[in-house]
2 protein chains.
Amino acid sequence: MQRRGGITLPSPFGRGEGVRVTANAEKTQIMRARLRLRELILSGEFRPGERLAELPLVQRLGASRTPLRLALAALEHEGLLRGLKGGGYVVREFTLADISDAIELRGVLEGTAARFAAERGTPRRELRALRTINDAVHELVHRTDYESFERYVELNERFHADLVELAASPLVNRALEAIVSLPFAGASSALILAEAELPESWEILVIAHRDHQSLIEAIERRQGARAESIAREHARLALANLEVVMRHTDVLARLPGASLLALPRDGVHA
Amino acid sequence: MQRRGGITLPSPFGRGEGVRVTANAEKTQIMRARLRLRELILSGEFRPGERLAELPLVQRLGASRTPLRLALAALEHEGLLRGLKGGGYVVREFTLADISDAIELRGVLEGTAARFAAERGTPRRELRALRTINDAVHELVHRTDYESFERYVELNERFHADLVELAASPLVNRALEAIVSLPFAGASSALILAEAELPESWEILVIAHRDHQSLIEAIERRQGARAESIAREHARLALANLEVVMRHTDVLARLPGASLLALPRDGVHA
DNA sequence: AGCCGGCTGCTTGCATGCAAGCACGCCCTA
DNA sequence: TAGGGCGTGCTTGCATGCAAGCAGCCGGCT
């Protein structure tokens, strides 16, 4: 069909190369199929449990079966798909327990990153960079317009990315990437944006900001245990966040990946 | 070349299905290539940094390029290979820092599993099973013959596997699988067996046994923090283990994956 | 009438041919 | 003699054809 440059860019495992996957992507058919397919899945194009046959996808994505298979395999590793023992893949379903575990685990891993940063000592320069980001956030916390929210989300992501960078541990990095790529666990982007419409919980942002401050302080003073527990508790804000959003099914329904959520029949798991 | 049954059996992400990958494997060319290739890499057939071209491997493994590519991709996700941005893969190298991080991270994750088990409550039945394993270990701790060591290793693996099972958290499970598949992080098998020849450190086994006992007790009494910290410290035994083994380069050289180790020029990192 | 067995179409696994990039080296030129 | 440009071969990315399994159905046999 098309002919394009070779050049792969396989995937995760950030060694030195920061590899924000979204950056260099779109080069190979594999990447294209992978990103587009993920988009389709998260947008609710397929029901959880639905089998993804190759041929329909070939037609839909314009790539041939070979790169498509690679993309499917990648998405399985990512955790969005589940492979059947007889061959083929189905869309995974996520329960509230899954998400809650993911968030907790994210806290554990970010906590470890923070602890490493504290224990191993972090150059003043890096800490200043973190503080700069956080100061910028401070300006935004009390604003309620949508643009400020977008900017907040961006800064927040930068903060977290830089934080795990401080741990200087490729493995922690990798484990975290595997977690935050799951539907609601990379809560930063999706959940917080949703809040733009739900001022009832904006105070969470104030708390988050404070957490970040304390975190920097703890790392600076090389208080590893403190840094770890702050980061853990900080992650749990995402859970609180999720609970707020879950009470507004209209907002929830618009979040990417919402369709993969296994909704409890009635009564939200307290 | 050959014709064989289709039937995939893609891979990780233990949902409910315990999927000891080694069990059902060997069915598809992909799996065959993947396992064989991993074996080759760990046995030191390729130097770290060496590029793995497809065609030579095709010849060597007997599978054609298509399944081989899938296998390579899987091994990249596993962390044994690193993808080049221009395409192709190279064998990864592991520094002592990598391994030490991996072990620490394993402790963090097993600690989380133990905490979950404690916090969420674990049926008496499961605890009894754990205790049974550990009692069997008790018999072996003081024996020094090789068979006892093998049996010990097996029981130890069962214990750890059952423990993470108790957490009932697919995500924790998956994260752990990603860690223990790395060369020296799944310390149980390789390192401990090496010790069979290094009685100077057999007392580590005594400590490990005690850790397991305490762990069970903590979970039973629902002491989450205690369980977590025991599991963490327990993992650090593997580090001590590694240090012992590292002092005996002859034993070290026979361990799978030893060739992937980036040896410090001189002076072991204290 | 019910059950079992073979057939048919669909789906995935696998092999291979082809094209594009890239790196190396050679040759030509200044 | 040194430098640069072009060609050639190697390597990967991609597409597609073919075979084997599996499920569902229909027909025949009991």
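Since the model is a prediction, treat every value here as computed from it, not as a measurement. Below, chain A is the first sequence line, B the second, and so on; all start at residue 1.
No side-chain donor-acceptor contact under 3.5 Å links A:R34 to the backbone of A:L68. With hydrogens and angles ignored, the 3.5 Å screen pairs no side-chain donor or acceptor of A:E39 with any backbone N or O of A:R36. Between the B:T95 side chain and the B:A262 main chain, no donor and acceptor come within less than 3.5 Å of each other. No side-chain donor-acceptor contact under 3.5 Å links A:E165 to the backbone of A:D162. Of the possible donor and acceptor atoms, one in the side chain of B:R174 sits under 3.5 Å from a partner among the backbone N and O of A:H77.
Straight-line distance from the CZ atom of B:R65 to the P atom of C:dC18: 13 Å, rounded to whole Å. Nucleotide D:dG21 holds its P atom 13 Å from the CD atom of B:Q29, rounded to whole Å. Distance B:I30 CD1 to C:dG13 P: 6 Å, rounded to the nearest Å. In this entry the distance linking CG of B:L68 with P of D:dT12 reads 9 Å, nearest Å. Going from atom CZ of A:R69 over to atom P of D:dA15 covers 15 Å, rounded to whole Å. Between B:L84 atom CG and C:dA23 atom C1' there is a gap of 14 Å when expressed in whole angstrom units. Rounded to an integer number of Å, the gap from A:Q59 CD to C:dC10 C1' is 15 Å. Between A:L70 atom CG and D:dT12 atom P there is a gap of 13 Å when expressed in whole angstrom units.
Taking every side-chain heavy atom of A:L55 into account, C:dT12 is the closest of C:dC14, D:dA15, C:dT12.
For the segment residues 46-54 of chain A, the set of residues with a heavy atom within less than 4.0 Å of an atom of DNA chain C comprises A:R51, A:L52, A:A53, A:E54, in numerical order.
A close approach under 4.0 Å does occur between a side-chain nitrogen or oxygen of B:S64 and OP1 or OP2 of C:dA15.
With sequence neighbours excluded, no residue forms a side-chain hydrogen bond (donor to acceptor under 3.5 Å, both in side chains) with B:E154.
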